[in-house]
Amino acid sequence: VKVVVTEHIFTDLNITEEVLAPTGAKLVFVPDPTPAVVLSHAKDADALLVCWTPIGREIISGLERCRAIVRFGIGVNNIDMASATSAGIIVANVPDYCIDEVSDHALTLLLCAARKVIPMDKSVRSGTWDVRLFSPVFRFRGKRAGLVGFGRIPRCLARKLKALGIEVVAFDPYVKPEDAAEAGVSLIGLEELLRTSDYVSIHAPATPETRHIINEATLRMMKPTAILVNTARGDLVDQVALARALKEGVIAAAALDVLWDEGISPDDPLLACDNLILTPHAAFYSEESSAELQRKGAEQARMALEGKLPVYALNKEIAERWLKRWA
Ligand SMILES: NC(=O)c1ccc[n+]([C@@H]2O[C@H](COP(=O)([O-])OP(=O)(O)OC[C@H]3O[C@@H](n4cnc5c(N)ncnc54)[C@H](O)[C@@H]3O)[C@@H](O)[C@H]2O)c1
C-alpha cells in the first residue's frame with residue numbers, strides 16, 4: 001500500500017505515520033511538486049495527501065489505482081474535482097480544523113487595522129510618541145460588519161464581532177435566510193453590503209463566480225472609511241485595484257492573509273501601502289489546529305484504504321460506484 005505526500009506544512013509527519021500504521025502503508029514524499037515528478041511517484045499510489053500542489057487533469061489521468069486525494073486543508077481549488085470524479089477518485093478535505101483560528105485571525109486583522117496598531121508600533125520604535133498622528137480611529141460598537149460568504153468560519157466570526165457590539169450582515173446566495181437569522185445575522189445583497197458596511201470580511205471559496213468579487217467597481221461602492229479583510233483566497237480580490245484604492249483613499253485600510261500567489265514580489269505595489277497589513281497565509285495555524293489537520297487528513301486516507309468512504313468526502317455522487325470497487 002502506497003500513500004504519496006506531495007508536500008505539507010507540518011514540522012513532521014509523525015501523526016500521519018501513526019494514523020496510517022494499521023494499513024501498512026508506505027509514505028512516499030515527492031521531492032518536487034511539478035506534474036511530471038508528482039506523477040512519476042503517484043502513478044501507482046493508493047492515496048494522495050496534498051497541500052498546495054495543483055492536482056490537475058494531467059496528474060489525475062495518470063493515477064492507476066488511487067482511491068482518494070485528500071487535501072490537508074479546507075479549500076480544494078487546487079484539485080481538479082471534475083477530473084477526479086470522472087476517474088472515480090474520492091476527493092476529501094478537512095473542513096473543520098481551524099474555524100476558531102481563521103475567525104480569530106480575521107478579527108485580529110480587523111482590530112489591528114482599525115486601531116492602527118502596526119503604524120503606531122513603528123512610530124513609537126522610531127522615537128515618536130504622539131497619538132495625534134493616527135487620527136481618525138473609530139469606535140467598534142455600533143458599526144456594521146459585512147461578511148461575504150456565510151459558511152463555518154464567518155458564523156464563528158459573527159459571534160466574536162457581536163461581542164464587540166458590531167452589527168453583522170452577510171451575503172451568501174446559497175444560505176437560507178432562516179439559517180442566517182438563527183445566527184443573528186441578516187442576509188443582504190452584495191452591493192448593499194459593500195455600500196453600508198464599515199468592515200468587509202471575505203469568506204467565500206475561490207470559484208469562477210467569486211473571482212475578483214472585490215474589484216475596482218466594487219471597491220468604489222465601499223465607504224471611504226471601510227476596512228477590507230481577506231482570509232479566504234487571494235483570487236477573490238483584484239490586488240492591482242486594491243493597491244490603487246488603498247493609495248487613493250477609496251477605502252481606509254485592508255488586511256490580507258491570502259494573495260494571488262503564495263508569496264509576494266518585492267516590487268508589488270501592495271508593499272508600498274502603509275494602510276495594509278499582510279500575513280503569510282497564517283490564519284489556519286495554531287499548534288492545536290495543525291495537529292488536528294494532520295490527524296483528520298490522515299484519517300480520511302486511512303478510511304479510503306480500508307474501503308470505507310472518507311467522512312469528509314466531497315464528491316459523494318460517486319460513493320456507490322466507489323464503494324462497490326473498494327469496499
Ligand atoms: N487563510 C487560511 O488559512 C484559511 C484557512 C481555512 C479556510 N480558508 C478559506 O476560508 C474560506 C471560508 O471557509 P469556510 O470554512 O467558512 O467555508 P464553508 O465551506 O463552510 O463555506 C463557504 C460558504 O461560501 C458560500 N459561497 C459560495 N459561493 C459564494 C458566492 N459566490 N458568494 C458568496 N458566498 C458564496 C457558500 O454558500 C458557503 O456558505 C474558504 O475560501 C477557505 O478556503 C482560509
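Just follow the structure's listing: the first ligand is 1, and inside any ligand the first atom is 1.
- Ranking protein heavy atoms by distance to atom 29 (C) of ligand 1, first place goes to Tyr174 CE1, 3.8 Å.
- Closest to atom 12 (C) of ligand 1 among all protein heavy atoms lies His203 O, 3.0 Å.
- In this structure, the protein non-hydrogen atom closest to atom 41 (O) of ligand 1 is Ala204 O, 3.0 Å.
- From the protein, the heavy atom lying nearest to atom 26 (N) of ligand 1 is Pro205 CD, 3.7 Å.
- Judged by the 6.0 Å and 45° rule, Arg65 forms no cation-pi pair with Trp326.
- Considering only residues two or more places apart in sequence or on other chains, Cys112 meets the side chain to side chain contact (heavy atoms under 4.5 Å, CB included) condition with Thr108, Val117, Ile277.
- The single protein non-hydrogen atom nearest to atom 13 (O) of ligand 1 is Ile153 CD1, 3.3 Å, given as residue, atom name and distance.
- Below 3.5 Å of separation, one finds no N or O of Tyr97 facing any N or O of ligand 1.
- For ligand 1, the atoms lying closer than 4.0 Å to a non-hydrogen atom of Pro154 are 16 (O).
- Shortest contact from atom 25 (C) of ligand 1 to any protein heavy atom: Asp172 OD2, 3.0 Å.
- Set against the non-hydrogen atoms of Gly75, the atoms of ligand 1 under 4.0 Å away are 43 (O).
- Between Arg244 and Glu248 there is no salt bridge, since no side-chain nitrogen of the basic residue lies less than 4.0 Å from a carboxylate oxygen of the acidic one.
- Under 4.0 angstrom from ligand 1, the non-hydrogen atoms of His281 all belong to its side chain.
- Closest protein heavy atom to atom 4 (C) of ligand 1: Thr231 O, 3.7 Å.
- Remark: ligand 1 atoms within the under-4.0 Å shell around heavy atoms of Cys98 are 5 (C), 6 (C).
- Atom 43 (O) of ligand 1 is approached by the protein to below 4.0 angstrom, counting heavy atoms only.
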Given the rule in the salt bridge (charged side-chain N to carboxylate O under 4.0 Å, His left out) test, do Asp44 and Lys2 qualify, once you have shown the distances and angles that lead to the verdict?
CA-CA 8 Å; Asp44 58 348; Lys2 179 176 175 184; 2.7 Å; yes
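- Ion pairing between Asp235 and Arg233 fails under the 4.0 Å rule for side-chain N and carboxylate O.
- Which parts of ligand 1 touch Val175 is read off a 4.0 Å heavy-atom cut-off, strictly below it: atoms 39 (O).
- Looking at Lys223 and Asp198, a side-chain N of the basic residue comes within less than 4.0 Å of a carboxylate O on the acidic one, giving a salt bridge.
- Of all atoms in ligand 1, numbered sequentially from 1 with element shown, those under 4.0 Å from a heavy atom of Phe150 are 39 (O).
- Ion pair Lys296/Asp96 flagged as a salt bridge, since at least one NZ, NE, NH1 or NH2 atom sits closer than 4.0 Å to an Asp/Glu carboxylate oxygen.
- Note on Lys160 versus Asp100: salt bridge recorded, some NZ/NE/NH1/NH2 to OD/OE distance being below 4.0 Å.
- In summary, Glu167 and Arg141 do not engage in a salt bridge, as defined by a charged side-chain N under 4.0 Å from a carboxylate O.
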Could you walk me through whether His281 and Thr279 pass the side-chain hydrogen bond (donor to acceptor under 3.5 Å, both in side chains) test, one step at a time?
CA-CA 6 Å; His281 202 153; Thr279 54; over 6 Å; no
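- Side-chain atoms of Leu147 and Ile202, non-hydrogen and from C-beta on, never get closer than 4.5 Å to each other.
- Residues satisfying the side chain to side chain contact (heavy atoms under 4.5 Å, CB included) test with Lys176, not counting sequence neighbours, are Glu178, Asp179.
- Remark: distances from the non-hydrogen atoms of Thr207 to ligand 1 are all 4.0 Å or more.
- Remark: ligand 1 atoms within the under-4.0 Å shell around heavy atoms of Asp257 are 1 (N), 2 (C), 3 (O).
- Counting the atoms of ligand 1 from 1 in the order shown, those under 4.0 Å from a heavy atom of Phe284 are 2 (C), 3 (O), 5 (C).
- Close approach of ligand 1 to Val102 is summarised as follows: ligand atoms under 4.0 Å from at least one heavy atom of the residue are 4 (C), 5 (C), 6 (C).
- Among protein heavy atoms, atom 19 (O) of ligand 1 sits closest to Arg152 NH1, 4.8 Å.
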